[in-house]
S.K.: 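Below is one structure. I have some questions about it.
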Amino acid sequence: MRAIFLVDNGSLRPQATLNLRRLAASLSEIIGETVQAASLLHSNKIPVEEVDGIPATTLGPAAERSAEQGATEIIVLPFFFGPSKALTGYLPERMATLQERFPHVKVRVAQPLVDEFGDNDLRLAHLLADNVRDKLQPGTKPRVALVDHGSPIPEVTAVRNRLAGQLSVLLGDDVACAAAASMERRQGDEYRFNEPLLENLLALPEFKTGPVILAMLFLSPGRHAGEGGDIAEICAAAEQEHPGLSVTTTQLVGEHHGIVDILHSRLRQALDGQRFLLDIPAIA
């Protein structure tokens, strides 16, 4: 018996949990097997009345409940762009705690949305391009900024930069250019790979005048990418400082209907044993 979980990092915003549940329900329908929505952290603190009266759950307790009910295999499908430390560090540690109680349970973690060493998969870039084209206005040739949160892990930022290059090719002559940016970064030269910050990109001569479309490399609404969040504040401040600048924001790529197809591929690869990020065998 196995239990399948669609897992994000976690947020205190109810919209993130509701989006995760929507995707899990779609996947359940596609594969004919229940896919549960769970977060690594935070979401269990959301007031239950804000998430349709059903408590949001984190993966650790949810996986333990499944093991108590007889599951001998836990499949984790990451709702992550790349191999963040949450997946490669925290998740194995949490699953080791699970195995202390249930040593017969094995855990397999599917690849994230972007599989750097898998087949050349342009689907996520196509979703980003769709979102940008939805915001194009006739007679304009805007500049595009692909913005993510920023990461302390170079491999995660490399995913974003790869997507920015793909997005630039897909948009072609419809836009003036496409560049990558981070919402924020940690202090120190060792984190300079996150540059440019969004606020600095929008201050460049090429960007501070005219239309700019912000391609949102975020999965779910939250305090960063949600209404009135950090991204909105950065853009409002830039527009105030540069009166000729006009920033339009796309929908989040994680809210594009096509994201389910990519998740299904990653899940199927893990279920079939073709490709996965981690394989944690049972210890008894």
S.K.: Please round to the nearest 0.5 Å and tell me the distance separating atom CG of L77 and atom CZ of R268.
M.R.: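 Those atoms lie 11.5 Å apart.
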S.K.: Once you round to the nearest 0.5 Å, how far does OG1 of T17 lie from CZ of R21?
M.R.: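 Taking OG1 in T17 and CZ in R21, the distance rounds to 6.0 Å.
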S.K.: In terms of side-chain heavy atoms, does R65 have a donor or acceptor partner in T57 at a distance below 3.5 Å?
M.R.: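 The answer is yes; a qualifying pair exists.
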S.K.: Could you list who else is in V107's hydrophobic cluster, with ILVMFWY side chains joined at under 4.5 Å, directly or through other members?
M.R.: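 Traced through the cluster, V107 reaches F5, V7, L40, L41, L59, I74, V76, F80, L87, Y90, L91, M95, L98, F102, V105, V109, L277, L278, I280.
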S.K.: With hydrophobic residues grouped by side-chain heavy-atom distances under 4.5 Å, do L263 and L271 end up in a single group?
M.R.: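 Yes, L263 and L271 fall within the same hydrophobic cluster.
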S.K.: Does any pair with a residue in residues 2-11 pass salt bridge (Lys or Arg N to Asp or Glu O under 4.0 Å), and if so which ones, sequence neighbours excluded?
M.R.: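 Found R2-E33.
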S.K.: Return the minimal non-hydrogen interatomic distance between L202 and A238, and the atom names on each side.
M.R.: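 Closest approach of L202 to A238, heavy atoms only: CD1-CB, 3.8 Å.
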S.K.: Evaluate the side-chain contact (heavy atoms from CB on, under 4.5 Å) criterion for residues S26 and H264: first the C-alpha distance (whole Å), next the side-chain angles of each, then the deciding distance (0.1 Å), finally the verdict.
M.R.: CA-CA 9 Å; S26 295; H264 179 225; over 6 Å; no
S.K.: Would you call E50 and R13 a salt bridge, using N to O less than 4.0 angstrom?
M.R.: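 No, no charged N to carboxylate O under 4.0 Å.
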S.K.: Check whether any side-chain heavy atom of R143 lies under 4.5 Å from a side-chain heavy atom of E206, and answer yes or no.
M.R.: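 They are in side-chain contact.
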S.K.: Can you establish whether the number of heavy atoms outside Q240 located under 6.0 Å from its atom CD is more than 12?
M.R.: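 12 or below, so no.
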S.K.: Who pairs with H149 by ring-ring contact (aromatic ring centres under 6.0 Å, His included), at least two apart in sequence or on another chain?
M.R.: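 H149 satisfies ring-ring contact (aromatic ring centres under 6.0 Å, His included) with H224 once adjacent residues are dropped.
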S.K.: Look only at the side chain of T88 and the backbone of S84, and say whether a donor-acceptor pair between them is shorter than 3.5 Å.
M.R.: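 Checking the backbone N and O of S84 against the side chain of T88, a donor-acceptor pair under 3.5 Å is found.
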S.K.: Hey, mind stepping through Q15 and L252 against side-chain contact (heavy atoms from CB on, under 4.5 Å) and telling me if it holds?
M.R.: CA-CA 12 Å; Q15 296 92 334; L252 310 188; over 6 Å; no
S.K.: Does the side chain of Q36 come within less than 4.5 Å of S66's, by heavy atoms?
M.R.: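 Yes, their side chains come closer than 4.5 Å.
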S.K.: Taking side chain as C-beta onward, heavy atoms only, is S265 less than 4.5 Å from R123?
M.R.: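 Counting from C-beta outward, S265 and R123 do come under 4.5 Å.
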S.K.: Would one find more than 12 heavy atoms of other residues, nucleotides or ligands at under 6.0 Å from atom CG of D119?
M.R.: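 Open: at most 12 neighbouring heavy atoms sit under 6.0 Å from CG of D119.
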S.K.: I'd like to know if the side chain of R266 reaches the main chain of L113, judged simply by a donor and an acceptor atom lying under 3.5 Å from each other, with no hydrogens or angles considered.
M.R.: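 Looks like yes, one N/O pair under 3.5 Å.
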S.K.: Give me the atom names and distance for the closest heavy-atom approach of P221 to E255.
M.R.: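 Smallest heavy-atom distance, with atoms named: CG-OE2, 3.3 Å.
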S.K.: To the nearest 0.5 Å, what is the distance between OG1 (T250) and CG (D130)?
M.R.: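 Answer rounded to 0.5 Å: 10.5 Å.
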S.K.: Taking NZ, NE, NH1 and NH2 as the nitrogens, is one of them in E116 or R162 under 4.0 Å from a carboxylate oxygen of the other?
M.R.: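 The answer is yes: the pair qualifies as a salt bridge.
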S.K.: First locate atom NZ of K135, then atom OG1 of T140, and finally report the distance between them rounded to the nearest 0.5 Å.
M.R.: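 With rounding to 0.5 Å, NZ (K135) is 13.0 Å from OG1 (T140).
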S.K.: To the nearest 0.5 angstrom, please state how far the OG atom of S220 sits from the CG atom of L18.
M.R.: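 If we round to the nearest 0.5 Å, S220:OG and L18:CG are 9.5 Å apart.
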S.K.: Quick check for you: to the nearest 0.5 Å, what is the distance between H256 atom NE2 and H126 atom NE2?
M.R.: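 With rounding to 0.5 Å, NE2 (H256) is 11.0 Å from NE2 (H126).
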S.K.: Checking S43 side chain against S11 main chain: does a donor-acceptor pair fall under 3.5 Å?
M.R.: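 The answer is no, because no donor-acceptor pair under 3.5 Å joins these two groups.
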S.K.: Counting only N and O atoms by type, is there a donor-acceptor contact under 3.5 Å from the side chain of S168 to the main-chain atoms of G165?
M.R.: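 No; zero donor-acceptor contacts below 3.5 Å.
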S.K.: Evaluate I259 against L124 for side-chain contact (heavy atoms from CB on, under 4.5 Å), listing each step before the verdict.
M.R.: CA-CA 7 Å; I259 204 79; L124 190 57; 3.7 Å; yes
S.K.: Using modelled atom types only, decide if a donor and an acceptor are shared between the side chain of S246 and the backbone of P211 within a distance under 3.5 Å.
M.R.: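 Absent.
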S.K.: Can you name the nearest heavy-atom pair linking L23 to G254, along with the distance?
M.R.: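 Minimum heavy-atom separation between L23 and G254: CD1-O, 4.2 Å.
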S.K.: Using a strict cut-off of less than 4.0 Å between a Lys/Arg side-chain nitrogen and an Asp/Glu carboxylate oxygen, indicate whether R185 and E195 qualify as a salt bridge.
M.R.: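 Looking at R185 and E195, the cut-off is met.
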S.K.: Counting N and O atoms only, with roles assigned by atom type, does the side chain of N19 sit under 3.5 Å from a partner on the main chain of L219, one being a donor and the other an acceptor?
M.R.: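 Confirmed, N19 side chain pairs with L219 backbone.
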S.K.: Looking at every non-hydrogen atom in both residues, tell me the closest pair between V253 and L127 and how far apart they are.
M.R.: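 The answer is CG2-CB, 3.8 Å.
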S.K.: Could you tell me whether the side chain of I30 reaches within less than 4.5 Å of the side chain of V260, counting heavy atoms only?
M.R.: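 A side-chain contact exists here, since the closest heavy-atom pair is under 4.5 Å.
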S.K.: Tell me whether the NZ or CZ atom of R108 lies within the 45° cone about the ring axis of F276 and under 6.0 Å from its centre.
M.R.: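 Yes, a cation-pi geometry holds between R108 and F276.
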S.K.: Do you know the tightest heavy-atom contact between E155 and P83?
M.R.: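 It is CB-CG, 4.2 Å.
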S.K.: Carefully, step by step, assess R101 and E68 under the rule side-chain contact (heavy atoms from CB on, under 4.5 Å).
M.R.: CA-CA 10 Å; R101 287 189 59 199; E68 288 169 352; 3.1 Å; yes
S.K.: Same cluster or not: L167 versus M216, using hydrophobic residues (I, L, V, M, F, W, Y) connected whenever any side-chain heavy atoms lie under 4.5 Å apart?
M.R.: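 In one cluster: no.
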S.K.: Going by atom types alone, do R160 and S182 pair a side-chain donor with an acceptor below 3.5 Å?
M.R.: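 A pair is found: one side chain offers a donor N or O, the other an acceptor, under 3.5 Å apart.
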S.K.: Could you state whether L201 and V132 fall into the same hydrophobic cluster, counting links through intermediate Ile, Leu, Val, Met, Phe, Trp or Tyr residues with side-chain heavy atoms under 4.5 angstrom apart?
M.R.: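 No; V132 is not reachable from L201 via cluster members.
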S.K.: Give a yes or no on whether K85 atom NZ has more than 12 heavy-atom contacts from other residues, nucleotides or ligands under 6.0 Å away.
M.R.: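 Count not over threshold, so no.
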S.K.: Please tell me whether F218 and L20 are part of a single hydrophobic cluster in this structure, the criterion being side-chain heavy atoms less than 4.5 Å apart.
M.R.: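 Per the 4.5 Å side-chain linkage, F218 and L20 are not co-clustered.
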S.K.: Any non-hydrogen side-chain atom of M183 less than 4.5 Å from a side-chain atom of I234?
M.R.: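 Heavy-atom side-chain distance check passes, below 4.5 Å.
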S.K.: Say whether, by atom type as modelled, one donor and one acceptor occur between the side chain of R133 and the main chain of D174 under 3.5 angstrom.
M.R.: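 The answer is no, because no donor-acceptor pair under 3.5 Å joins these two groups.
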S.K.: Would you confirm whether Q269, through its side chain, and Q111, through its main-chain N or O, come within 3.5 Å as a donor-acceptor pair?
M.R.: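 No; judged by distance alone, with no hydrogens or angles, the pair does not exist.
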S.K.: Over all heavy atoms of both residues, which pair between C235 and L198 is shortest? Give the atoms and the distance, please.
M.R.: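 Here C235 and L198 meet closest at SG-CD2, 4.4 Å.
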S.K.: Under 4.0 Å between a Lys/Arg side-chain N and an Asp/Glu carboxylate O for E64 and R94?
M.R.: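 Looking at E64 and R94, the cut-off is met.
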S.K.: Where the side chain of H242 meets the backbone of G244, is there a donor-acceptor pair that is under 3.5 Å apart?
M.R.: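 No; zero donor-acceptor contacts below 3.5 Å.
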S.K.: Just checking R192: does its CZ atom have more than 12 heavy atoms from other residues, nucleotides or ligands closer to it than 6.0 angstrom?
M.R.: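 At most 12 heavy atoms, drawn from other residues, nucleotides or ligands, come within 6.0 Å of this atom.
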S.K.: Has the side chain of N194 got a donor or acceptor atom that lies under 3.5 Å from a matching backbone atom of Y191?
M.R.: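 Yes, N194 side chain to Y191 backbone: donor-acceptor pair under 3.5 Å.
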S.K.: Side-chain heavy atoms under 4.5 angstrom apart, residues restricted to Ile, Leu, Val, Met, Phe, Trp, Tyr: same cluster for I213 and L217?
M.R.: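 Hydrophobic grouping puts I213 with L217.
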